[in-house]
Amino acid sequence: MTEDASPKKELAAVRGTKDILPKEVEGWQALERLARETFELYGYRELRAPVIEATELFEKGTGRTSDIVTKEMYTFTDKGGRSLTLRPEYTPSVVRAIIEHRLDLEVEPLRYYYMGPMFRYDKPQKGRFRQFHQIDIEVFGEKDAAADAEIIEMADSLLRKLGVTGTETLVNSVGCRECRPAYSRALREAAGKRKSGLCPDCQRKAETNPLRIFDCKVEACRAVARTFPLIQDFLCAECRDHFGKLLVFLDIYKIPYRVEPRLVRGLDYYTKTTFEVVSSHLGAQNSLVGGGRYDDMMKDFGGPDICAIGFAMGMERVLSIAELAPPKRKFLYLAYLGDEAKKAGLEMARYFRANGVECLVEFKDRGMKAHFGRANKLQAAWVLIVGGDEMKKGRFGLKEMATGRQVEGAREELLAFLREN
RNA sequence: GUGAGUGUAGCUCAACGGUUAGAGCAUCGGACUGUGGAUCCGAAGGUUGGGGGUUCGAUUCCCCUCACUCACCCCA
């Protein structure tokens with residue numbers, strides 16, 4: 001590391017992170033509010049877990065061989081010598097919390113949601129950041145495929161409320177510990193046999209992750225991939241039954257979907273259902289929602305043997321294509337003239353705020369013209385005029401900026417006027 | 001981690017290797033000290049991302065570095 005000796009060092013947000021400025025925050029708040037409203041309608045409750053966890057949690061939960069764990073984690077040693085990690089995903093934290101607090105013994109259904117920052121040391125590009133935000137939901141102890149369908153429908157419902165269009169829902173089953181090994185073997189074998197017909201990249205994938213060959217854009221590889229066996233033909237009776245039921249429930253909800261046999265997802269822990277919602281309006285990073293079932297994780301952590309399913313939604317990605325109406329914000333600007341009027345004006349502002357009217361007071365002496373110019377620039381809905389004349393009369397002027405209409409009255413009358421308009 | 005493209009004022013962009021790096025928009029002030037949007041005038045704003053090199057001279061050419069953008073890998 002060469003430290004540049006220049007006296008002035010540029011201070012900037014670290015690579016892959018972003019400030020969310022007040023203008024953008026409006027959209028974030030709308031998304032957060034709609035997500036909460038939606039999830040609570042399905043009986044979900046918020047569960048807030050820490051941003052940092054023991055590194056081991058992700059090694060065990062996310063998977064030691066996953067890309068996330070092998071090369072994308074923000075891991076550090078704290079002053080007590082513990083290895084900690086900024087969470088790259090949320091699921092392992094919830095599983096940990098359930099076991100730690102024995103939430104599986106509660107009466108309440110185990111349905112949780114959460115939204116917050118996640119951290120992955122990735123190379124930033126469109127729709128991908130090092131600190132990014134996810135909305136995450138998890139359901140535990142529901143093994144019925146109706147639960148799988150319900151969360152897909154819930155994600156769909158939220159996206160509709162956000163005005164997101166051009167999406168496609170992809171579903172697949174990756175089998176379970178009983179049936180998946182046979183498929184992996186068959187696929188690896190098939191890829192090995194046709195290896196010479198593959199691009200260098202796919203030759204490598206034939207060893208590491210043959211499922212990824214399905215994704216290649218090279219036509220020769222696509223042709224080879226079409227000859228590969230499909231997971232559907234390897235599913236055990238239970239998994240096949242589960243998948244069939246999922247599709248039936250999706251039909252009931254009238255959710256259009258496409259069965260995508262190559263949809264495997266990068267996380268190691270999935271079992272049975274996997275799904276993804278993609279959008280044609282995004283760039284290469286086109287996945288808005290990703291999720292699936294992970295029936296073994298709880299047990300693998302040494303907790304109770306209960307199944308689970310959940311999804312994560314990328315907030316930056318969703319916001320980049322959401323069509324949200326800008327919030328209607330109306331506020332009053334206080335125009336005061338002179339010291340005495342300033343004191344009276346501050347009291348007036350206090351009164352209006354106590355009654356739910358947003359008031360902006362700028363502590364800068366201005367002439368009437370300057371006040372109006374400023375109020376106009378700030379897009380104030382109303383201007384309250386407090387000057388010498390008004391104070392004598394005990395009646396104040398209130399101007400509606402959009403129409404130019406101006407009324408006069410005591411503060412109670414003006415409040416009534418504000419509430420009507 | 002690999003590859004490509006781009007870095008000039010708050011924003012969008014100019015400037016053949018040649019004077020003191022300009023314009024529009026935005027900001028602030030004035031014309032205009034009891035009523036906004038318009039107009040006019042003015043001001044402020046820059047080590048041309050940073051460092052090194054070539055040159056009499058570099059925003060311009062070369063190298064390194066950093067950042068951004070896009071793609072690969074992977075993922076939300």
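In this text, all values refer to a predicted model and were calculated from it rather than measured experimentally. In the text below, chain A, chain B and the rest are named by the order of the sequence lines, each starting its count at 1. Values reported hereafter were calculated over all heavy atoms of this structure, with side chains retained and with hydrogens, waters and symmetry mates removed.
- In this structure, A/Glu56 places its CD atom where only 12 or fewer heavy-atom neighbours from other residues, nucleotides or ligands lie under 6.0 Å away.
- For the C1' atoms, the distance from B/G29 to B/U20 is 25 Å, rounded to whole Å.
- The distance between atom CZ of A/Phe396 and atom P of B/U35, rounded to the nearest whole Å, is 19 Å.
- A/Gly388 comes within 4.0 angstrom of a base, heavy atoms only.
- Nucleotide B/C11 holds its C1' atom 13 Å from the CG atom of A/Leu21, rounded to whole Å.
- Take the nearest nucleotide of RNA chain B for A/Leu288 and for A/Thr17: the residue whose nucleotide is more 5' is A/Thr17.
- A/Asp78 CG: more than 12 foreign heavy atoms inside a 6.0 Å radius.
- Only the C1' atoms considered, B/C68 is 16 Å distant from B/C11, to the nearest whole Å.
- Among B/A76, B/U69, B/C73, the nucleotide with an atom closest to any side-chain atom of A/Lys71 is B/C73.
- Closest to the side chain of A/Phe372, from the set B/U35, B/C74, B/U69, is B/U35.
- Residue A/Arg15 places none of its side-chain N or O atoms closer than 4.0 Å to OP1 or OP2 of B/U69.
- Here B/C74 presents its C1' atom at 18 Å from NZ of A/Lys126, a figure rounded to the nearest Å.
- B/A71 and B/A23: their C1' atoms are spaced 35 Å apart (whole Å).
- Within the nucleic acid shown, A/Gly338 has no heavy atom closer than 4.0 Å to any nucleic acid atom.
- Minimum atom distance to the side chain of A/Asp389 is reached by B/G34, of the listed B/G34, B/C70, B/C72.
- Residue-level contact check: A/Arg366 touches neither bases nor backbone, having no heavy atom under 4.0 Å from any strand.
- A donor-acceptor contact under 3.5 angstrom links the side-chain atoms of A/Gln285 to the base of B/C74.
- Between A/Lys392 and A/Glu390, none of the side-chain N atoms (NZ, or NE/NH1/NH2) sits under 4.0 Å from a carboxylate O, so this pair counts as no salt bridge.
- As judged by a 4.0 angstrom heavy-atom cut-off over every strand, A/Lys364 is placed among residues touching the sugar-phosphate backbone only.
- A/Met348 contributes atom CE, which lies 8.5 Å from atom CG of A/Leu398 (distance to the nearest 0.5 angstrom).
- When distances are taken from the side chain of A/Glu72 to each of B/U35, B/C74, B/C28, the shortest belongs to B/C74.
- For A/Leu337, counting side-chain heavy atoms from C-beta on, the closest listed nucleotide (B/G1, B/A76, B/G34) is B/G34.
- By the 6.0 Å contact criterion, CD on A/Gln379 is open, its count of non-hydrogen atoms from other residues, nucleotides or ligands being 12 or less.
- Here, B/C16 and B/G22 have their P atoms 13 Å apart, quoted to the whole Å.
- Among the heavy atoms of the strands lying under 4.0 Å from A/Ile385 is at least one base atom, whether or not backbone atoms are also near.
- Counting to the nearest Å, the C1' atom of B/G29 and the CG atom of A/Asp365 are 17 Å from each other.
- Taking the C1' atom of each, B/U54 and B/G42 are spaced 43 Å apart, rounded to whole Å.
- A/Leu414 and A/Glu408 make their closest contact through CD2-C, 4.3 Å (heavy atoms, listed as atom of the first residue, atom of the second, distance).
- A/Glu400 and A/Gln406 are not linked by any side-chain donor-acceptor pair at a separation below 3.5 angstrom, with hydrogens and angles left out of the test.
- Within the nucleic acid shown, A/Phe129 comes within 4.0 Å of at least one base atom, counting heavy atoms only.
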Enumerate the protein-to-nucleotides 37-42 of chain B contacts in which both atoms are nitrogen or oxygen and the separation is below 3.5 Å.
from, atom 1, to, atom 2, distance (Å)
B/G37, O4', A/Asn376, ND2, 2.8

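- The side chain of A/Ala284 has B/A71 as its nearest neighbour among B/A71, B/U69, B/G34.
- Separation of the P atoms belonging to B/G49 and B/G3 is 24 Å when rounded to the nearest angstrom.
- Between A/Phe39 and A/Tyr44, the two ring planes are tilted [angle within 30° to 60°].
- In this structure, the CD1 atom of A/Ile321 is 16 Å from the P atom of B/A76, given to the nearest Å.
- Rounded to whole Å, the distance from CG on A/Leu384 to C1' on B/G34 is 14 Å.
- More than 12 heavy atoms of other residues, nucleotides or ligands shown are found within 6.0 angstrom of NZ on A/Lys342.
- When the C1' atom is compared between B/C72 and B/U19, the two are found 48 Å apart, to the nearest whole Å.
- Between the CZ atom of A/Phe132 and the P atom of B/A76 there is a distance of 7 Å, given to the nearest Å.
- Look at A/Lys123 and you won't find any side-chain N or O under 4.0 angstrom from OP1 or OP2 of B/A67.
- OP1 or OP2 of B/C28 lies within a sub-4.0 Å distance of a side-chain N or O belonging to A/Lys377.
- The separation between A/Gln406 atom CD and B/G36 atom C1' is 11 Å, rounded to whole Å.
- Within 3.5 Å, no donor on the side chain of A/Gln379 pairs with an acceptor on the base of B/G36, nor the reverse.
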Salt bridge (Lys or Arg N to Asp or Glu O under 4.0 Å) between A/Glu40 and A/Arg45, intermediate numbers included: CA-CA 6 Å; A/Glu40 304 255 347; A/Arg45 298 294 178 258; 3.2 Å; yes
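- Atom name P, nucleotides B/C41 and B/G17: the rounded distance is 34 Å, in whole Å.
- The side chain of A/Arg128 lies closest to B/C74, out of B/G29, B/G34, B/C74.
- Along RNA chain B, the nucleotide closest to A/Gln134 and the one closest to A/Pro124 are compared, and the more 5′ of them pairs with A/Pro124.
- OP1 or OP2 of B/A71 has at least one side-chain nitrogen or oxygen of A/Gln125 nearer than 4.0 Å.
- Under the 3.5 Å distance criterion, with hydrogens and angles disregarded, a donor-acceptor pair is assigned to the side chains of A/Thr167 and A/Arg160.
- The two residues A/Val95 and A/Met297 make their nearest non-hydrogen contact at CG2-SD, 3.6 Å.
- For the strand RNA chain B, secondary-structure stems (runs of at least three Watson-Crick or G-U pairs, all distances below 3.5 Å) span B:1-7 with B:66-72, B:10-13 with B:22-25, B:27-31 with B:39-43, B:49-53 with B:61-65.
- Under a cutoff of 6.0 Å and an axis angle of 45°, A/Arg130 and A/Tyr121 form a cation-pi pair.
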